[in-house]
Amino acid sequence: MTHPTREELIEFIYDELDADRKATLEDHVESCAECQATLASWGGIRRQLQAGDATIADPRMTFAGAALLRGVIAAVLLVGLGYGLARVTAPSESRLRGQVTSELQTQFRNELRAELAKFTIDQAAREQEYQQQTARLIGQLEIRQVADYSGLRKDVETVAMRTQEEFDRLTGVESVDAKGPQTNH
C-alpha cells in the first residue's frame, strides 16, 4: 500500500487537490488507519490552535499572549511565504513545503516552550511576592491587635480602679495605703 506524502495530506486537508487525486486520497484514507490517525492528529492540533485564541484574551496573559500572537503571526507569514515560494518553484514544491512546515513546527514549538517557561517564572515570582505581602500584612495586624489589647486592658484597669475608689468613698471605707488599712471609729 502506497501512502500519500505529508504534502499531499496537507493539500487534502486544505482541499487543494484536483478531483481525481482527491478521490484517490479519499479512498486511501477510508481504508488506511495510519492516515486516518495522522489526519485526526492534525485536526486536533488545528482545533487546539483555534481554541488557543480564547486564552490569548486572558488579561493575566497579556504580555505572554502578545509575544505568542507575534510568534503565531510570524509563523503564519512564514508559512505563506514558504507556500508562495513553493508555488513559484513548482518542481520542488512538495519537498520545500515539507521542509518549511517542519522548520516552522519546530520553531513554533520552541517559541511556545520559551513563552511558557517565561510565563511560569513570572507567575512563580508574583505568587512569592503575594505571599510575602500577605505575611507582612498579617504581622502588622498582629502588632495592632497586641497594641489594641494592651490599650484596652489599661483602660479596663483604670475604670476598675476608679470604680473601686468611688465605691470606697461612697461606703465610707478608706483606701488602703502604705501604713495598712484604716477605718473610721
Side-chain angles (χ1 to χ4, degrees), residues 1-140:
M1 174 183 300
T2 304
H3 291 284
T5 64
R6 292 175 61 113
E7 292 76 22
E8 289 175 316
L9 287 175
I10 290 170
E11 289 174 347
F12 178 74
I13 290 174
Y14 287 100
D15 199 26
E16 296 175 350
L17 295 172
D18 60 327
D20 292 338
R21 185 65 183 142
K22 182 178 179 179
T24 304
L25 279 176
E26 284 176 347
D27 291 340
H28 173 80
V29 168
E30 286 179 14
S31 63
C32 179
E34 184 179 337
C35 290
Q36 289 174 2
T38 300
L39 290 175
S41 171
W42 291 351
I45 291 170
R46 287 180 65 195
R47 283 189 297 279
Q48 287 176 352
L49 288 174
Q50 289 169 346
D53 291 342
T55 60
I56 291 173
D58 189 346
R60 293 173 292 165
M61 293 181 53
T62 302
F63 176 74
L68 179 64
L69 183 58
R70 284 194 303 272
V72 169
I73 290 171
V76 168
L77 288 175
L78 286 174
V79 167
L81 178 64
Y83 183 77
L85 287 174
R87 286 288 183 186
V88 170
T89 59
S92 63
E93 178 181 352
S94 298
R95 188 186 52 169
L96 182 59
R97 184 181 296 211
Q99 288 174 343
V100 169
T101 301
S102 176
E103 289 175 17
L104 285 176
Q105 287 174 343
T106 302
Q107 182 181 359
F108 188 66
R109 281 187 195 115
N110 291 339
E111 288 177 9
L112 283 176
R113 285 184 187 121
E115 288 299 322
L116 180 60
K118 287 178 189 176
F119 180 74
T120 302
I121 290 169
D122 185 47
Q123 286 301 100
R126 287 181 183 169
E127 183 178 341
Q128 184 178 12
E129 180 182 334
Y130 174 76
Q131 289 174 349
Q132 289 172 349
Q133 287 178 350
T134 302
R136 182 178 50 82
L137 290 173
I138 288 172
Q140 289 175 353

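- Annotation: Q140, atom CD; neighbour count of heavy atoms from other residues, nucleotides and ligands within 6.0 Å is above 12.
- A donor-acceptor contact shorter than 3.5 Å is absent between the side chain of S41 and the backbone of A37.
- Summarising the geometry of V100 relative to L78, their closest heavy-atom pair is CG1-O, 4.2 Å, with the distance given to 0.1 Å.
- Looking at heavy atoms from C-beta onward, R21 lies in side-chain contact with P4 at the 4.5 angstrom threshold.
- How far CD of E34 is from CG of L39: 11.0 Å, rounded to the nearest 0.5 Å.
- Atom CG of L25 sits about 11.5 Å away from atom CG of D20, to the nearest 0.5 Å.
- Looking at heavy atoms from C-beta onward, T134 lies out of side-chain contact with Q131 at the 4.5 angstrom threshold.
- Between F12 and E26, the shortest heavy-atom distance links the atoms CE1-CG, 3.4 Å.
- Residues L17 and E8 approach most closely at CD1-O, 4.0 Å, considering heavy atoms.
- In this structure, T101 OG1 and E7 CD are separated by 7.0 Å, a value rounded to the nearest 0.5 Å.
- How far CD of Q123 is from CG of L116: 10.5 Å, rounded to the nearest 0.5 Å.
- Q36 approaches E30 most closely through the heavy-atom pair NE2-O, 2.9 Å.
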Given T2 and H28, is the side-chain contact (heavy atoms from CB on, under 4.5 Å) satisfied, shown in steps? CA-CA 9 Å; T2 304; H28 173 80; over 6 Å; no
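- Between atom CD1 of residue I10 and atom CD of residue E16 there is a gap of 9.5 Å, rounded to the nearest 0.5 Å.
- Taking CG of L112 as the reference point, atom CD of Q107 lies at 10.5 Å (rounded to 0.5 Å).
- The two residues L104 and A75 have their closest heavy-atom pair at CD1-O, 3.8 Å.
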